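Report on the structure given below.
These figures come from a predicted structure and were not determined experimentally. By convention here, the first residue in the shown sequence is residue 1. Just follow the structure's listing: the first ligand is 1, and inside any ligand the first atom is 1.
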Amino acid sequence: MTMVDKKIKITIDGKEYFVGSDQTILEICIERGIDLPHICYNPILGKRNTGNCRMCLVEIGEGDSRIVKEACQTVVRAKMVIHTTSRRIYDLRRTVLQLTMSQHEQACRDCPTSGNCPYVPLCQDLDISSTVVCAMCPLQGESCNLYRGNICLGPLTYSGCNAYCTRNGSTCIGCRGVIFHEDLIRLAVIDYNKKGINLDHVIDVIKLFSFSEEGKRVVDEIERIRGGLE
Ligand code: SF4
Ligand code: SF4
């Protein structure tokens, strides 16, 4: 006798679904095209996924008794009510991603993920200015401006406003402003030095594009790091 897969009814963001009773919330969202962020999830691991990235957090329940769970770790139950986009979830995801990015060494120019980085869209969605333009730049390897000896503020510029760029005819690859994260500025300075790019020229270009106090702060930081490296 074969077992008949039992379907149960659940609600996700106000919409009802009939789903397999042994599925996780994340599996269902992926299957149904419901946009739920996830970085570490690997479908091959199935229920052995560990939920480390905490990006797939959802709220379960109604009213004041809602609880927060990782969607990749939670198997559905009949009549479960799931919320993927509440204010609480947005704030939690944002905090988690900020913590993640604060620990993440952004060696984007040498990263195999560059150009297809999973952090860039998440940082944009959650309004976090923590990924540098190099993470989404199409000019990788020998095409990179720095590799060719040209100045580029990519390593010092945070990525993407998703605006339409009339010059390139594509989505903006980012000129939103200089990045303030001290570790990222340090990485950029080391990178410029390695490529033999004159830091004075870099500073001149920053001053050209960023007149604000923030631009000045970054220039001061570059000078300080440069002094320490000499
Ligand atoms: S491209 Fe993305 S994953 Fe790679 S180092 Fe940069 S931020 Fe990290
Ligand atoms: S330094 Fe400039 S050209 Fe090179 S990867 Fe970064 S943004 Fe692209």
Residues K79 and E62 bridged, charged N to O under 4.0 Å: no
Is the contact between C144 and ligand 2 made by the side chain, the backbone, both, or neither, using heavy atoms and a 4.0 Å cut-off? both
Short side-chain to backbone donor-acceptor contact, R93 and L57, under 3.5 Å: yes
Note, L97 side chain near Y119 side chain (heavy atom, < 4.5 Å): yes
Near P155, which atoms of ligand 2 are under 4.0 Å from a heavy atom of that residue? 1 (S)
Test item: H38 and C72 side chains (from C-beta on) under 4.5 Å apart, heavy atoms: no
Could you report the tightest heavy-atom contact between I8 and S21, atom names first, then the distance? CD1-CA, 3.9 Å
Under 6.0 Å from the CG atom of N116, do we count more than 12 heavy atoms belonging to anything else shown? no
Would you mind running through ligand 2 and noting each atom that sits below 4.0 Å from a heavy atom of N145? 3 (S), 4 (Fe)
Ignoring water, what protein N, O or S atoms are under 2.8 Å from atom 6 (Fe) of ligand 1? C108 SG
Report the residues that fulfil side chain to side chain donor-acceptor pair (under 3.5 Å) with D13, sequence neighbours left out, ordered by chain and then residue number. T84
For ligand 2, which atoms sit closer than 4.0 Å to a heavy atom of G154? 7 (S)
Could you tell me, atom by atom, which parts of ligand 2 come under 4.0 Å of a heavy atom of C137? 3 (S), 5 (S), 7 (S), 8 (Fe)
In short, C134 meets Q140 closest at the heavy-atom pair O-NE2, 3.2 Å
